[in-house]
Amino acid sequence: MRTILVVEDEMRIAGLVRDYLERAGFEVVVAGDGEAAVASARGMRPDVVILDLGLPGRDGLDVARELRRTSTVPIVMLTARGDEADRVAGLELGADDYVVKPFSPRELLARIRSVLRRTDQARAGGAEVLRAADVEIDLPRMRVTVGGRVVDLTPTEFQLLATLVREPGRVFTRAQLLDAVHGVAFESYERAVDAHVKNIRRKIEPTPGRPRYLLTVHGVGYRFADA
Ligand code: CA
């Protein structure tokens, strides 16, 4: 059975989430503050951590930073609407995804399943051909096809698209995408990512103005469609 650590100080929300996830077949442990969260994560080694960013005392970003020191456990953040800066900071600390409050337990469950699927795929080892939706990326040949049609991409566009397709559904900030492409992130170059994305869309999207593969996550970055 998979175990989920829910870190949330509002007991009404924690209870609701626990009941729903238990009914979905998970074992659930609740921690009401940051200190308890770090201790529980060390002791129980959960498969996923649901982490509210707004916690009394040690806040969620601090907890994420602490967890990432020793663990690669998937982290799904719970964030308040309008907390875009925290969302970006959390993703850059290594959190995997987020859900915006108020959320439905069903939406949270979908995020958890998606994050577990990605973890399982990553553990299964690096495939030399990546596939998501009807986009296929042959890494050794640096060849991209969309619905069987070959698309020519520049090396930077190729790397950027491969990063997104390797983990469909995962949200990447612009800085993370730059980092994946150039090995280093500079704040002032983040707009360069938008330019690359625009070019990739022109090449792979049937309707570049209404993308179905390479999706914008407002205020955060980009994600590749995960269905
Ligand atoms: Ca809270």
Side-chain angles (χ1 to χ4, degrees), residues 1-119 167 169-176 187 190 215-223 226:
M1 193 191 273
R2 307 259 208 174
T3 309
I4 300 185
L5 173 61
V6 175
V7 186
E8 170 61 84
D9 59 308
E10 285 171 67
M11 283 307 137
R12 191 188 60 81
I13 297 177
L16 200 79
V17 168
R18 186 188 53 220
D19 292 350
Y20 193 85
L21 295 180
E22 280 178 353
R23 255 179 278 139
F26 292 98
E27 189 181 331
V28 180
V29 174
V30 173
D33 64 54
E35 286 301 335
V38 171
S40 297
R42 289 216 177 103
M44 63 183 266
R45 298 185 154 269
D47 294 290
V48 179
V49 175
I50 308 301
L51 178 61
D52 181 32
L53 289 189
L55 295 171
R58 192 166 195 177
D59 75 10
L61 288 177
D62 195 30
V63 171
R65 193 179 292 114
E66 180 68 31
L67 293 181
R68 275 294 168 263
R69 263 200 253 273
T70 54
S71 157
T72 57
V73 61
I75 299 173
V76 178
M77 303 177 283
L78 303 179
T79 74
R81 195 167 298 284
D83 254 2
E84 281 173 5
D86 277 359
R87 221 169 286 161
V88 171
L91 291 168
E92 279 168 6
L93 283 172
D96 296 86
D97 207 346
Y98 63 85
V99 175
V100 178
K101 288 180 173 181
F103 59 90
S104 72
R106 179 209 286 259
E107 185 187 353
L108 179 63
L109 179 60
R111 291 274 161 240
I112 290 169
R113 290 205 163 124
S114 155
V115 105
L116 283 171
R117 198 167 56 233
R118 277 177 352 230
T119 317
E167 297 179 74
R170 172 172 164 191
V171 182
F172 289 90
T173 67
R174 289 179 177 83
Q176 286 172 323
E187 182 90 10
E190 289 188 10
L215 310 176
T216 299
V217 183
H218 286 289
V220 179
Y222 297 97
R223 78 196 309 166
D226 65 349

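Atoms within a ligand are numbered from 1 in the order they appear, just like the ligands themselves.
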query: Hey, does the Lys NZ or Arg CZ of Arg2 hover above the aromatic six-ring of Phe26, less than 6.0 Å from the centre and inside 45° of the axis?
result: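 No - Arg2 does not lie over the ring of Phe26 by the 6.0 Å and 45° rule.
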message: Report the atom name of the nearest N/O/S atom of Asp52 relative to the Ca ion (ligand 1).
response: OD2
- request: Give, for atom CZ of Arg42 and atom OG1 of Thr70, the distance between the pair rounded to the nearest 0.5 Å.
  value: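 If we round to the nearest 0.5 Å, Arg42:CZ and Thr70:OG1 are 5.5 Å apart.
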query: the Ca ion (ligand 1) to Asp9: any N/O/S contact under 3.0 Å?
result: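 Yes.
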query: Under 3.0 Å from the Ca ion (ligand 1), is there an N/O/S atom belonging to Leu53?
result: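 For Leu53, the answer is no, given that no N, O or S atom comes within less than 3.0 Å of the Ca ion (ligand 1).
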Ala31 to Ser40 - nearest heavy-atom pair and separation: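 Of all heavy-atom pairs spanning Ala31 and Ser40, the closest is CB-OG, 4.4 Å.
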Smallest separation among heavy atoms of Leu108 and Val17, with atom names: CD2-CG1, 3.7 Å
